[in-house]
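Worksheet: one structure, shown below.
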Amino acid sequence: MNVYDGWRIAAMLNAHGLHQTTDVADADIIILNTCAVRAKATDKVYSALGRIRLAKKPNALMGIVGCVARESGADAFKRVPDLNFVLGPQSYHKLPEILNDPDTRLFNIELSGLEKFDEMPKLEKSPLVTYVPIQEGCNHCCTYCIVPYTRGREISRSFADCVRDTEMAAKTGAVEICFLGQNVNGYKYTDENGKIYRLSDLIRAAAKIDTVKRIRFTSSYPTEMTDDLIEMFAQEPKLLPFLNMPIQSGSPDVLKRMNRPYDLEQYLGIVKKLKAARPDIQISSDFIVGFPGETDDDFEQTLQIARTVKYINSYSFKYSPRPHTSAAIMQDQIPENIKSKRLAILDAELNEIQRAFNESCVGKTLPCLCEGVDKTGRHLVYRTPYMQQCIVACPAGDAPQICNIEITAANKASLRGKITD
Ligand code: 5AD
Ligand code: SF4
């Protein structure tokens, strides 16, 4: 979502006559679009600000937008007195106000809802893979997570707006649409006539657009994988056979303390239904290790579930206590060295599973999307339906945007292949 917000912020400032630079010393305005999900991300923002204030032009404006702005609030100005603006994730659209009056301090961390989606300009040219945000915020209140505080309660955008943005993205160059939301499969919009729209309706609408060739969505909450959505994997070939459905932990006790009220049978039941709908579907997960009170046995259960589901591509994190969350004040916080040890063990396991999956792809032919040329300029980088990177020698003529690629080799990180049509 931050990548997408970054594009829109850049487009918004373009409309005010500014253009993008990657050189801090050259910039007239420096914006850090921030994530607060773990303490490390927040710390990085403040250390980057320390470096930037020394490198920037004396009159350049500097500020933070996004979740750290909301997390820190007005304290951000105390920590870094020369900040010019602090805008929360739902106030990006107010950024140009600082251009009108560079001598004020712009501060807004309110959760105003969906206003920003309408006020920010649409992209004139869309990337091949374009994100379409359809809902923001989260009602789940997992005890470790700062998102319900920084992004607020769940709100779904209107069905008509989502379809319009999808059509616009397709018209301006998108071939793959990724529907976005913190709890994307909780998408639910009721129109004036009481008609309810779900994510499955949006997938169907996107699939009708000829130039849209691939559809995916992220991130999903396990128990919100409703049957209508699972059915989409059977019915809609444009929906990629890949799903990020974080389990976080394999221990029922830990899940309870995380306030994630599903049990493993239920989770595995959903995986089974997904496989029945689309036998080639693969799943990825997020994991948190070292949650307060996590025992060796709890951790062992996490390893076990990873082996059972065979997640092909996962993100794993050490639990990081966050302000405004109840887990931060739980007893039995786990020492850092144990968290690190568990993370290394889990990562090794997940890497092995990923390598085995990548190797199982050798000899198969997969429909892939071209993402561009690699650093050497001699290879093309394609994305498989499972989001694996596949490196291919540049063909003599134009590179096809979407083509079948025979996978010839694999390692943990990527695949190699040759274009077959
Ligand atoms: N500590 C560590 N990881 C966290 N995540 C969310 N909150 C925390 C936290 N306090 C992870 C979860 C989530 C992903 C986006 O970030 O795994 O799925
Ligand atoms: Fe955070 Fe995801 Fe839980 Fe929502 S479902 S509170 S975004 S971890």
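Read the numbers this way: they start at 1 and go in the same order the structure lists the ligands and their atoms.
- Here D280 pairs with R278 under the salt bridge (charged side-chain N to carboxylate O under 4.0 Å, His left out) rule; sequence neighbours left out.
- Both tests pass for R79 against the ring of Y46: distance under 6.0 Å to the centre and angle within 45° of the axis.
- Using a 4.0 Å cut-off between charged nitrogen and carboxylate oxygen, R342 and E294 count as a salt-bridge pair.
- Salt bridge status for R198 with D228: absent, with no side-chain N to carboxylate O gap under 4.0 Å.
- Note on E167 versus R164: no salt bridge recorded, every NZ/NE/NH1/NH2 to OD/OE distance being 4.0 Å or above.
- In this structure, R157 satisfies the cation-pi test against F117, with its NZ or CZ atom closer than 6.0 Å to the six-membered ring centre and inside 45 degrees of the ring normal.
- Of all protein atoms, those of element N, O or S that lie under 2.8 Å from atom 3 (Fe) of ligand 2 number 1.
- For E349, the salt bridge (charged side-chain N to carboxylate O under 4.0 Å, His left out) partners are R307, not counting sequence neighbours.
- Taking each heavy atom of W7 and V129 in turn, the nearest pair found is CH2-O, 3.6 Å.
- Cation-pi geometry between R322 and Y144 is not met: the NZ or CZ atom fails to fall both under 6.0 Å from the ring centre and inside 45° of the normal.
- Taking a heavy-atom cut-off of under 4.0 Å, ligand 1 is surrounded by V37, R38, Y144, Q248, D286, I288, F317, K318, Y319, S320, R322.
- For atom 2 (Fe) of ligand 2, no protein heavy-atom neighbour is found at a distance under 4.0 Å.
- For the residue pair E71/T42, the side-chain donor-acceptor check at 3.5 Å is satisfied.
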